[in-house]
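A quick write-up on the structure given underneath.
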Amino acid sequence: MRAEATRAAALRAAADLFLEVVGHANATLSQVSAQSGVTKGALYFHFASKEELAKAIVDEGHERVSTACAGLVDSRSPALESVIGISYSVLELAASDPLVRVMYRLQMEIDGSETARGSVFGTWGNIFEHLFDRAIEHGDVADHLDSSNAALLVCEMLAGVLMVSEAQSTLETAPSRMEKVWHTVLPSLVPPNKLGYFREFAARSLSSFVPAEMATSPVDA
């Protein structure tokens, strides 16, 4: 139990250090030790190198995002609703959880290397493709839609909103940005008779992920 608490403290301190102070490239394990209050001996017991520490952050952040995504997949609801909800959730996590935010940064820097156990972007793609398969089956999206291409589109939209919001230091508004993207893209995905419903769902469900004053729809903005 104590070892788990020590490891968690080190991960939190490293995430804060990577995020706010010196960045991953310049941070040292000595700085992580000082920031976390964890002795160097205890820190090295859990992480032999900065690369191992970065991998642990990626793995922990990936687990948190995967758990959030899984919790929004409901077989009783239209699959496209799950896609929209997941898109808001993963962006809200980036704003509210420093470890997840650092995980996204590290994935962009080291994705494909041995440091990353598995890309969070790949996780998104697999989940979205499964959901689009279901949405096609139920007639909630255009029947000519290719589920893998649709999943790729949503992943690219998410990555773009994430990077722009990060660059502009406005991550707290990322879900609202995503709602505007959905408003624009949905006509290409859903049959005309269902466009109103899914646009309304995207606007309505945004309130679960951002303060009410930020949840302005593109129609009202």
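From a predicted model like this one, the values you see are computed outputs, not experimental measurements.
Taking all atoms of both residues into account, the shortest heavy-atom contact from Ser66 to Thr123 is OG-CG2, 3.8 Å. Here the closest non-hydrogen pair linking Ala68 and Leu93 is CB-CD1, 3.7 Å. Across all their heavy atoms, Cys69 and Trp124 have their closest contact at SG-CD1, 4.5 Å. Nearest heavy atoms, Ala203 versus Tyr88: N-OH, 4.5 Å. Across all non-hydrogen atoms, the minimal contact from Ala151 to Gly125 is CB-O, 3.7 Å. Arg134 approaches Pro78 most closely through the heavy-atom pair NH2-C, 4.0 Å.
For the atom pair NE2 of His46 and CZ of Arg7, the computed distance is 8.0 Å after rounding to the nearest 0.5 Å. In this structure, Leu206 CG and Glu92 CD are separated by 11.0 Å, a value rounded to the nearest 0.5 Å. One finds the NE2 atom of His138 at 11.0 Å from the CG atom of Asp133 (value rounded to the nearest 0.5 Å). Between the CZ atom of Phe201 and the CG atom of Leu186 there is a distance of 10.5 Å, given to the nearest 0.5 Å. Atoms OG and CZ, on Ser89 and Phe209 in that order, are 5.0 Å from each other to the nearest 0.5 Å. The distance from atom CG of Leu158 to atom CE of Met163, rounded to the nearest 0.5 Å, is 10.5 Å.
Side-chain contact between Val65 and Met103 is present, with heavy atoms from C-beta onward closer than 4.5 Å. Proximity of Ser165 to Leu91: side-chain heavy atoms (C-beta onward) are nowhere separated by under 4.5 Å. Side chains of Arg199 and Pro187 form a contact here, defined as non-hydrogen atoms less than 4.5 Å apart. With contacts defined as side-chain heavy-atom distances shorter than 4.5 Å, the pair Val185/Val154 does not qualify. Counting heavy atoms from C-beta outward, Phe128 and Leu153 have side chains that stay 4.5 Å or more apart. Looking only at side-chain heavy atoms (C-beta outward), Leu53 and Leu11 come within less than 4.5 Å of each other. Within the 4.5 Å cutoff, side-chain heavy atoms of Leu162 are placed close to those of Leu171. Between Leu189 and Trp182, the closest side-chain pair of non-hydrogen atoms falls below 4.5 Å.
Following chains of ILVMFWY side-chain contacts shorter than 4.5 Å, one cannot reach Val181 starting from Val164, and the two form parts of different hydrophobic clusters. Criterion: ILVMFWY side-chain heavy atoms under 4.5 Å apart, direct or through other members. Under it, Leu145 and Ile86 are part of a common hydrophobic cluster. Both Met157 and Phe132 sit in one connected hydrophobic cluster of ILVMFWY residues. Membership requires side-chain heavy atoms under 4.5 Å apart, directly or through other members.
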**Request:** Dump the intermediate steps for salt bridge (Lys or Arg N to Asp or Glu O under 4.0 Å) on Glu60 and Arg64, then the final yes or no.
**Result:** CA-CA 6 Å; Glu60 176 63 23; Arg64 293 182 188 187; 2.9 Å; yes
**Asked** Could you go step by step and tell me if Leu80 and Val190 meet the side chain to side chain contact (heavy atoms under 4.5 Å, CB included) rule?
**Response** CA-CA 9 Å; Leu80 188 55; Val190 304; 3.4 Å; yes
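The backbone N or O of Leu72 sits less than 3.5 Å from a side-chain atom of Ser82, completing a donor-acceptor pair. Side chain of Ser49 to backbone of Glu52: a donor-acceptor contact under 3.5 angstrom is found. Checking side-chain atoms of Tyr104 against main-chain N and O of Leu99 turns up no donor-acceptor pair under 3.5 Å. Although no hydrogens or angles enter the test, the distance criterion places no donor-acceptor pair under 3.5 Å between the side chain of Lys180 and the main chain of Pro175.
Partners of Thr170 by side-chain hydrogen bond (donor to acceptor under 3.5 Å, both in side chains), not counting sequence neighbours, listed by chain and number: Arg177.
A salt bridge between Lys55 and Asp59 is present, with a side-chain N of the basic residue lying under 4.0 Å from a carboxylate O of the acidic one.
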